[in-house]
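Chain letters run A, B, ... following the sequence lines, proteins first, then strands; residues in each count from 1.
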Amino acid sequence: MSVEMDKSYNPASVEDRIYNLWINGGWFHSEPDDNKEPFVVMMPLPNVTGILHTGHALNNGIQDLVIRFQRMRGKNAMWMPGEDHAGIATQIVVDRDLYEKEGKSRFDIGREAFSKRVWEWKEKHGDIIINQLKKLGVSCDWDRFTFTMDENYQVAVREAFCHYFEKGYIYKGNRVINWCPYCQTAISDIEVEHEDSAGHLWHIKYPFKDGSDDGVVIATTRPETMLGDTAVAVNPSDERYKHLKGKTVFLPVACKEIPVIEDDYVDLEFGTGVVKITPAHDPNDFEVGTRHELPMPIIMGPDGKLNKKVPERYQGLTMLEARKKIVDELEEKGLLVKIEDHKHAVGHHDKCKTRVEPLLSKQWFMRMDELVKPAIQVVKDKKVQFIPERWSKVYFDWMENIQDWCLSRQSWWGHRIPIYYCDDCDEIFVSRDEPSACPKCGSKSIRQEEDSLDTWFSSALWPFATLGWPEKTKDLEYYHPGNVLITGYDIIFYWVARMIFSSLEFMGDIPFKYAYMTGLIRDEQGRKMSKSLKNAINPMEVIDKFGTDAMRFTLMFLSTQGGQDIKLGETVLTEGRNFINKLWNASRFTLMNLEDMKPGKPENLQFIDKWILSKLGETVKAVTDAFEEYDIAKGARAIYDFFWTDFCDWYIELSKMPIMNGGEEKTRTQQVLYLCLDTILKILHPIAPYVTEEIWQKLPHKTGDTIMIADWPNHVDFVFDEEATSEMVKVQSAIRAIRNLKAKLRIHQGIIGCKFNAPKETVELLNREKQQIEKQARVEGFEFAENQPDGSVTAVSTDMKFYLDVAGKIDIAEELKRIETSKNKTEAELQKIEKLLGNEGFVKSAPPAVVEKNKVKMEELKSELENLRELSDTLSN
RNA sequence: GGGCGGAUAGUUCAGCGGUAGAACGCUUGCCUUACACGCAAGAAGUCACAGGUUCGAAUCCUGUUUCGCCCACCA
């Protein structure tokens with residue numbers, strides 16, 4: 001019988017099979033259990049319209065790592081998955097689909113039909129991202145999968161809205177909001193992306209009256225809005241414009257007279273010191289307009305085109321078309337004084353990238369002042385902790401300067417606002433269910449608000465709405481609050497902050513203890529991934545090419561605790577792939593040599609065994625601590641270093657001889673190998689779940705059905721053996737020296753630096769190296785004496801005497817040069833350490849261990865230097 | 001205009017008070033019966049700059065330069 005494993009790891013043949021094994025085992029599922037401590041992670045909701053990007057791969061990878069780690073540590077791990085209806089984002093996608101297939105817009109088919117279409121779309125495409133997520137190997141509790149439009153979830157949303165309304169936090173306000181002409185809806189401030197663009201500052205003369213040459217010059221970046229001007233303003237303290245007080249000016253193009261008003265808002269330094277006031281199309285102007293009770297004509301329709309309030313020749317033009325026409329016209333009339341270049345930020349809707357227009361409009365708002373207070377406090381008190389800590393500053397800055405939240409969207413896909421209007425008595429009321437009559441006058445003539453809620457209103461309830469809230473469920477009691485939220489820092493405002501105040505409001509508790517902010521993933525040059533640059537990496541393609549584990553390992557390896565952005569590309573992914581393959585092959589070697597193993601605890605440990613087990617213990621501790629502290633990369637690095645360098649390069653290589661020797665030695669080595677492999681698989685499982693499971697399933701003496709729920713190793717089970725460790729250091733340097741062709745020369749001269757009394761095992765190890773060098777040396781034409789004294793226990797150098805003939809093959813001049821550089825280097829190092837040790841402060845205040853170490857090092861350097869001198873003397877003779 | 005982060009080997013990054021580290025790439029050998037997605041040996045760094053604190057600074061402080069983010073109603 002032999003172990004059947006391919007020469008290299010083939011993820012495609014493993015991943016789906018293993019995932020099904022886990023699903024069928026039901027190990028992802030969690031139920032409340034008072035005897036076990038829960039560990040809860042709430043998944044950041046992917047959008048129904050979404051396709052998986054590398055950001056998902058990163059934060060779901062970390063979430064899965066944390067969940068698998070805690071599950072193995074014996075916690076009742078529950079990871080809540082779900083999907084967001086994603087209001088406007090989805091509406092845009094379906095709207096486009098409708099247009100492409102039937103040439104219609106949503107307005108052509110109406111709310112009912114459109115809504116039906118979105119549901120159909122969701123049924124058809126909603127699973128795409130979920131299936132992609134599964135390819136990542138995520139171990140979330142699919143039985144609990146929640147969609148933010150599920151019936152239960154709708155109940156929660158209505159409850160929350162009614163609660164806020166009844167508390168007086170929700171109000172209808174007439175304000176200048178951000179309007180997206182493409183989506184034809186209001187959006188909130190944070191949904192506007194500002195892009196600096198090279199614009200102009202137009203200086204325009206408003207004459208005192210029709211025909212007059214004289215007038216005031218205003219400066220504006222948006223001349224088209226002058227059609228909605230109802231005043232011009234100057235600062236009351238501005239001496240230049242004292243004479244304007246009480247006058248009116250003539251508004252060119254629109255042909256009407258508007259007053260000159262005084263307001264502190266006007267900046268004396270900027271532009272001409274005179275500002276045109278367009279109350280319906282600029283938030284500041286609106287405030288000025290309110291103070292001075294100015295008329296506020298709205299000149300733009302929902303589609304972003306000028307409406308009937310403007311002269312006929314402008315009606316139906318878009319704002320930008322109107323701008324051009326107005327500027328032309330002003331120029332013709334000689335009213336355009338000058339045009340300056342001016343850089344300013346232009347707002348765009350983050351979903352559809354359309355330029356947003358400020359618009360006076362009636363919308364529903366949520367008062368934030370009260371809600372924000374406790375939400376700030378819990379972060380101040382470290383009840384909720386950001387990782388890395390610096391993000392809490394971003395959180396505070398936003399929360400402390402927060403504006404009321406514009407909740408309503410003129411969208412047909414989402415939670416319809418549960419506000420009702422009575423046609424008979426004008427009563428406005430909320431209702432938790434479908435009301436049949438007005439509670440005040442009993443009229444049946446009532447209608448529901450047409451608008452929907454901002455999608456983030458429902459996501460804000462995620463940490464408890466998924467657990468059955470507003471019902472008082474066992475789940476809610478057991479799982480809330482959660483432990484950690486893992487997400488990109490780009491949604492701190494959208495989601496993290498809103499979950500915090502929502503949980504505090506409805507649950508009286510924080511939603512999670514830690515908010516771990518991942519970096520953003522960029523391309524190899526550090527650029528943002530974008531469609532236009534065509535530099536986006538599709539995780540599905542990465543999985544096809546490198547395998548899920550390789551991708552996950554790469555991402556974890558790069559995701560440092562500082563939350564730096566991550567540069568991802570072929571090079572690093574290849575490294576991850578190589579590591580996984582190395583694991584596969586080390587396991588293949590181990591398993592091939594384990595077939596006749598007697599199970600049991602290894603006995604009669606030799607220094608090499610003690611050494612690898614010491615290292616293993618250290619690694620287990622380092623990894624456990626790192627994962628507990630959410631320092632993922634540190635953990636990944638610890639495993640990588642131990643596994644590749646210590647385990648593969650040294651232990652496996654050195655294990656070949658005792659295995660060949662057979663007998664007790666062999667059994668012992670097999671048992672140590674087994675112990676190491678088993679432990680490595682376990683601590684690597686949270687990072688690379690598929691390979692580790694696949695290999696673990698092949699272990700001859702495993703207990704249990706899956707590595708997923710195997711016990712996490714405990715470092716105290718591995719004793720740290722200092723003597724073995726220092727012996728190993730010596731052996732390693734001896735072997736390295738022997739391996740080196742130049743070292744052969746030193747051996748020949750009898751001045752090798754690694755003379756020591758070695759135990760039998762060490763000498764054997766060295767002999768093995770000797771054989772290899774012999775072979776290589778023969779290839780290079782060296783001669784040897786054949787009969788060597790055997791079993792020498794003392795000096796390696798004596799043992800290597802047969803290299804005598806090497807001398808003639810060495811380029812003496814070249815070698816002398818090398819020795820000279822080497823000597824200089826050693827000398828410099830020596831001086832450095834001498835200086836350090838000569839430093840009184842160092843001896844007094846440095847840790848004694850450090851001083852000792854340096855003393856030892858100095859001795860070593862001294863003897864090395866001496867050897868070099870001796871060697872160069874011999875050579876030059 | 002405010003705030004945040006980075007600047008360490010050719011490249012990507014770790015280290016964050018005690019003698020400069022890893023991976024990739026590069027050079028030189030090797031298909032050594034787990035792995036060429038591999039093995040061994042090697043070259044490679046004024047730790048951006050200038051001051052300061054300290055016995056000692058890549059590491060702490062203060063400036064400067066530079067790259068990148070985020071926030072902000074100066075028309």
Side-chain angles (χ1 to χ4, degrees), chain A residues 3 5 7-9 176 189-190 194 201 218-222 225 233 265-267 269-272 274-278 282-287 342 344-345 358 388 390-391 393-394 397-398 401 489-490 492-493 519-520 522 524 526-528 546 550 557-558 560 562-567 569 571-572 574-593 633-634 637 640-641 644-645 648-649 652-653 656 736 739-743 771-772 775-776 779-780 829-830 832-833 835-836 838-847 849-851 853-854 857-858 861:
Chain A
V3 176
M5 283 173 83
K7 217 172 153 182
S8 58
Y9 174 60
V176 175
D189 296 339
I190 49 176
H194 291 276
L201 198 56
I218 58 96
T220 179
T221 55
R222 295 191 301 151
T225 60
Y265 153 71
V266 182
D267 182 345
E269 306 296 317
F270 191 88
T272 59
V274 189
V275 188
K276 61 192 268 315
I277 302 295
T278 323
D282 183 285
N284 293 310
D285 292 7
F286 173 73
E287 303 219 337
H342 181 71
H344 72 135
R390 72 184 131 93
W391 290 114
K393 193 167 163 27
V394 175
D397 286 349
W398 191 64
N401 299 300
Y489 59 75
D490 49 338
I492 292 180
F493 306 146
L520 265 28
R522 298 170 178 280
E524 265 178 317
R527 300 172 304 180
K528 240 180 183 162
F546 298 95
F557 198 76
L558 296 175
T560 58
Q564 292 305 310
D565 288 352
I566 290 171
K567 290 177 192 161
T571 333
V572 276
T574 305
E575 285 170 39
R577 193 266 320 264
N578 294 354
F579 175 75
I580 298 297
N581 191 53
K582 185 80 176 174
L583 174 74
W584 178 258
N585 273 294
S587 307
R588 186 158 87 114
F589 170 84
T590 307
L591 290 169
M592 283 187 331
N593 286 297
K634 202 175 177 186
R637 276 166 217 273
Y640 184 98
D641 290 343
W644 204 309
T645 313
C648 292
D649 291 347
I652 285 193
E653 287 310 320
K656 287 173 181 171
R736 262 192 216 112
R739 275 177 190 162
N740 188 323
L741 270 175
K742 268 160 263 138
Q771 281 161 19
Q772 296 212 349
K775 195 169 155 198
Q776 191 182 331
V779 175
E780 290 171 23
E829 264 188 88
L830 210 60
K832 247 185 188 170
I833 295 185
K835 198 179 146 202
L836 197 63
N839 181 337
E840 212 177 297
F842 175 79
V843 181
K844 272 189 194 151
S845 23
V850 181
V851 182
K853 238 194 198 160
N854 282 327
K857 178 74 187 175
M858 188 153 85
L861 285 173

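A:Y640 and A:F557 have tilted rings, their planes meeting at an angle from 30° to 60° on a 0 to 90° scale.
Annotation: side chain of A:T225 is in contact with side chain of A:K276 (closest heavy-atom distance under 4.5 Å). Considering only heavy atoms from C-beta on, A:N284 stays 4.5 Å or farther from A:V176 through its side chain. Side-chain contact between A:L201 and A:F270 is present, with heavy atoms from C-beta onward closer than 4.5 Å. Using a 4.5 Å heavy-atom threshold, the side chains of A:D397 and A:K393 count as touching.
A distance of 5.0 Å separates CG of A:L520 from CG of A:D565, quoted to the nearest 0.5 Å. Put simply, CZ on A:F546 and OG1 on A:T574 are 4.0 Å apart, with the number rounded to the nearest 0.5 Å.
Counting only heavy atoms from C-beta on, A:V275 has its side chain closest to B:A75 among B:C71, B:A75, B:C69. The A:D267 side chain lies nearest to B:A75 when the options are B:G6, B:A34, B:A75. Considering only the side chain of A:E653, B:C35 comes nearest among B:C35, B:C55, B:A75. The listed nucleotides are B:A75, B:A36, B:G3; the one nearest the side chain of A:K7 is B:A36. Considering only side-chain atoms of A:K582, the nucleotide from B:C13, B:C69, B:C35 that sits closest is B:C35. Here B:G3 is the nucleotide among B:A34, B:G18, B:G3 with the atom lying nearest to any side-chain atom of A:D397. Of the candidate nucleotides B:C73, B:A75, B:G38, B:G38 has the atom nearest to the side chain of A:W644. Checking B:C37, B:A36, B:A75 against the side-chain heavy atoms of A:S8 singles out B:C37 as nearest. Picking from B:A14, B:C24, B:G3 the nucleotide with the shortest atom distance to the side chain of A:E575 gives B:C24. Here the nucleotide nearest the side chain of A:K656, chosen from B:C55, B:A75, B:A34, is B:A34.
Between the side chain of A:N581 and the main chain of A:Y9, a donor-acceptor pair closer than 3.5 Å is present. Not one N or O on the side chain of A:N585 forms a donor-acceptor pair closer than 3.5 Å with the backbone of A:S8.
Rounding to whole angstrom units, CD1 of residue A:I652 and P of B:U33 are separated by 15 Å. Here B:C67 presents its C1' atom at 13 Å from CD of A:Q564, a figure rounded to the nearest Å. The interatomic distance linking A:K276 (NZ) with B:A75 (P) rounds to 12 Å, in whole Å. Between the CZ atom of A:F842 and the P atom of B:U54 there is a distance of 19 Å, given to the nearest Å. Separating the CG atom of A:N839 from the P atom of B:U19 is a distance of 13 Å, rounded to the nearest angstrom. Atom-to-atom, CG of A:D285 to C1' of B:C73 comes out at 9 Å; the value is rounded to the nearest Å. Look at CD on A:E840: it is 13 Å from P on B:G56, rounded to the nearest Å. In this structure, the CH2 atom of A:W584 is 16 Å from the P atom of B:A34, given to the nearest Å.
For a distance-only test at 3.5 Å, the side chain of A:R577 qualifies as a donor-acceptor partner of the base of B:C37. Within 3.5 Å, a donor on the side chain of A:S845 pairs with an acceptor on the base of B:C55, or the reverse.
Using a 4.0 Å heavy-atom cutoff across all strands shown, A:I833 reaches at least one base atom of the nucleic acid. At the heavy-atom level, A:V394 lies nowhere under 4.0 Å from the strands shown. Here A:Y265 lies in heavy-atom contact (under 4.0 Å) with a base.
Phosphate contact (OP1/OP2 of B:G3, side-chain N/O of A:K393, threshold under 4.0 Å): absent. An OP1 or OP2 oxygen of B:A14 is reached within less than 4.0 angstrom by no side-chain nitrogen or oxygen of A:R637. Considering only side-chain N and O atoms, A:T560 lies nowhere under 4.0 angstrom from the phosphate OP1 or OP2 of B:C13.
Summary of the strand contacts: A:F579 and A:H344 both lie near RNA chain B, and taking for each the nucleotide with the nearest heavy atom, the more 5' one is attributed to A:F579. Map A:N578 and A:F270 each onto its nearest nucleotide of RNA chain B; the residue landing nearer the 5' end is A:N578.
Comparing the C1' positions of B:U66 and B:G52 gives a spacing of 23 Å, expressed to the nearest Å. Between the P atoms of B:C60 and B:G2, the separation comes to 25 Å (whole Å). Between B:G63 and B:U28, the two P atoms lie 50 Å apart (nearest whole Å). Look at the P atom in both B:G18 and B:U12: the space between them is 26 Å, to the nearest Å. Atom name P, nucleotides B:U59 and B:A23: the rounded distance is 25 Å, in whole Å. For B:U54 and B:C74, the P atoms lie 46 Å apart once the distance is rounded to whole Å. On the P atoms, B:U53 is 34 Å away from B:U11, given to the nearest whole Å. The same atom, P, is picked in B:A14 and in B:A50; the two are 24 Å apart, to the nearest Å.
An anti base is found at B:U27: its glycosidic angle is more than 90° from 0.
For the pair A:K656 and A:F589, the cation-pi test (distance below 6.0 Å, angle within 45°) is passed.
Scanning RNA chain B for stems, defined as runs of 3 or more consecutive Watson-Crick or G-U wobble pairs whose donor-acceptor distances all fall under 3.5 Å, gives the following ranges: B:1-7 with B:65-71, B:10-13 with B:21-24, B:26-30 with B:38-42, B:48-52 with B:60-64.
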